[in-house]
There are 2 protein chains.
Amino acid sequence: MTPGRKSRTVRKAVPARSRKPKRDAEATRERIFAAATREFASHGFGGARVDRISKRAKTFDRMLYYHFGNKEQLFRVVLEGAYEDLWAAEERLDLARADPVAGLRELIAFTWQYYVDHPEFIRLLNSENLQQGRNVRRSTRVGKLSSPFIRIISDLLARGAKEGVFRSGVDPLKLYITIAALGYFYVSNRYTLTHFLGADLMGEKARKAWLAHITDVVLASIAAA
Amino acid sequence: MTPGRKSRTVRKAVPARSRKPKRDAEATRERIFAAATREFASHGFGGARVDRISKRAKTFDRMLYYHFGNKEQLFRVVLEGAYEDLWAAEERLDLARADPVAGLRELIAFTWQYYVDHPEFIRLLNSENLQQGRNVRRSTRVGKLSSPFIRIISDLLARGAKEGVFRSGVDPLKLYITIAALGYFYVSNRYTLTHFLGADLMGEKARKAWLAHITDVVLASIAAA
DNA sequence: ACGATTATTCAGTGAATTCTTAATTGTGGC
DNA sequence: GCCACAATTAAGAATTCACTGAATAATCGT
């Protein structure tokens, strides 16, 4: 990174001040990735347009193919990123030593808040399910890995049952799907629900009420007899 | 599948020699409607192709525009039809005099089975929510009507509370969304869930188990204290 | 300094896509 | 039988689409 290099062109040697490299593959790739995430989440795979992606990424269509191969592979990378972001956030929760009831409450609240904060995750998953899971199946990056929450729920259930606060014999997978379903559906179907049920489902008050509700539902379903 | 019928043409009583008329606007419209339902459900609005619709309907692109105006209006009619089919089926249940617990069980089972039998309904709704509900908002046919189940649930809850089998003060809207969520999510996300959780979620055994599970969850959440 | 490699820019290409103009054909009313 | 109109064909305009070949420019190892 020695300066110097005074050549014929007036390309002034950039002093110590912020020198933004004219070419930065990683940054370009990142901008395309971000733009693609937004585009696929907004329009689904079929409705997404590569020219809108490259435009928003302030680059050219060609770069999309240079860095990602084609539209489908780009979608796959975006989807993988969405899963990895969620799982990383789930890992960070660390409920290994939490009180079972408090821990489960926290897990439910986290899941709900993640959906609220990341509607693009939900839209990407919906697009992937519309495509019958072809991209997760082909993905080498997410493979057959799965949410850390499955084993965390298993652990909480086991400890809670030993303490006598939860029923024994609760299926962790079913519980996981239940928690996901109650949050996911509400966010995913917010527009049709809002239209037909009238009320503003996404105001702060309504959101808090829904979290309280799903927490009650889940806890009631596994409470010790 | 109920298409949007504007025309009140009464089909001529067919003479003994059942002759198929060379032109039958209603039948053509119906074929386009059916093909469009399938296409929109398979690929979403953005991924749907009008030439695939007209081809499957065994007619020409032009007829789609002749009968429905454009792709978007056709989607709207398809979506309206999907809602009306569901609501009509819900009406037919008639739980007005059912025992509250048995009635609610039946309502849950019906909702679940409807989703299982009509994945296209779920896909259409997902596409509509991807579009932020623009079509339901513009629809004159479904307007601000809503599922008959809201008032049926209200009724069951009121009677169940009076009989002392349900808590009082349960919000019918929340209960409705809860029941819908638990069935909808499972079917909507079947491909990603199946991939990451391994098991075959849609085998008969798994389906029955899930219905039993959501029934337990819902009933536990409203059981009298 | 210089060649090799990587990254970016540019200018398409052919196929696909929605929708239209317009000719043609069948149907029911009289 | 004949007409007005509804319904169907047919052909294509206009545009958009995903994707590519190739020239150019920056960067790096040596």
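Treat the numbers as computed from the prediction; the structure is a model and nothing was measured. Letters A, B, ... are given to chains in the order of the sequence lines, protein chains preceding strands, and every chain is numbered from 1. For the numbers below, each heavy atom of this structure counts, side chains included, while hydrogens, waters and symmetry mates do not.
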Given D:dA6, D:dA18, C:dT18, the nucleotide with the shortest approach to the side chain of B:Val50: C:dT18
Touch class at under 4.0 angstrom, heavy-atom based, for A:Ala48 against every strand present: sugar-phosphate
Shortest side-chain distance from B:Tyr65, nucleotide among C:dT18, D:dC17, D:dA7: C:dT18
Separation of C:dT20 P from B:Phe68 CZ (nearest whole Å): 16 Å
Value in whole Å for how far the P atom of C:dA23 lies from OH of B:Tyr66: 17 Å
Any N/O donor-acceptor pair, A:Asp61 side-chain to D:dC19 base, under 3.5 Å: yes
A:Thr28 side chain near C:dT8 phosphate (N/O to OP1/OP2, under 4.0 Å): yes
Distance, rounded to the nearest Å, where A:Leu74 contributes CG and D:dA18 contributes C1': 12 Å
Rounded interatomic separation in angstrom, taking CG from B:Asp51 and P from D:dT9: 17 Å
Sugar-phosphate only, base, or nothing, as touched by B:Arg62 at under 4.0 Å among non-hydrogen atoms: base
Closest to the A:Arg49 side chain, choosing from D:dC19, D:dC17, C:dT17: D:dC17
Nucleotide of C:dC10, C:dC19, D:dC17 approaching A:Phe60 most closely (side-chain heavy atoms): C:dC10
Distance in angstrom units between A:His67 NE2 and D:dT20 P, rounded: 16 Å
A:Phe75 CZ - D:dC19 P separation (whole Å): 14 Å
Contact summary for B:Leu182 and A:Thr178, nearest pair of heavy atoms: CD2-CG2, 3.8 Å
Interatomic distance where CD belongs to A:Glu30 and P belongs to C:dT8 [whole Å]: 13 Å
Residue among B:Thr111, B:Asn189, B:Asn126 satisfying side chain to side chain donor-acceptor pair (under 3.5 Å) with B:Tyr184: B:Asn126
A:Trp87 and A:Tyr83 aromatic ring geometry - parallel, tilted or perpendicular at 30°/60° bounds: tilted
Residue B:Met63, side-chain heavy atoms: nucleotide from D:dA18, C:dT8, D:dT8 that is nearest: D:dT8
N-O pairing of A:Arg151 and A:Glu90 below 4.0 Å: no
B:Glu80/B:Arg76 ion pair, N-O < 4.0 Å: no
Interatomic distance where CD1 belongs to A:Ile32 and C1' belongs to C:dT9 [whole Å]: 13 Å
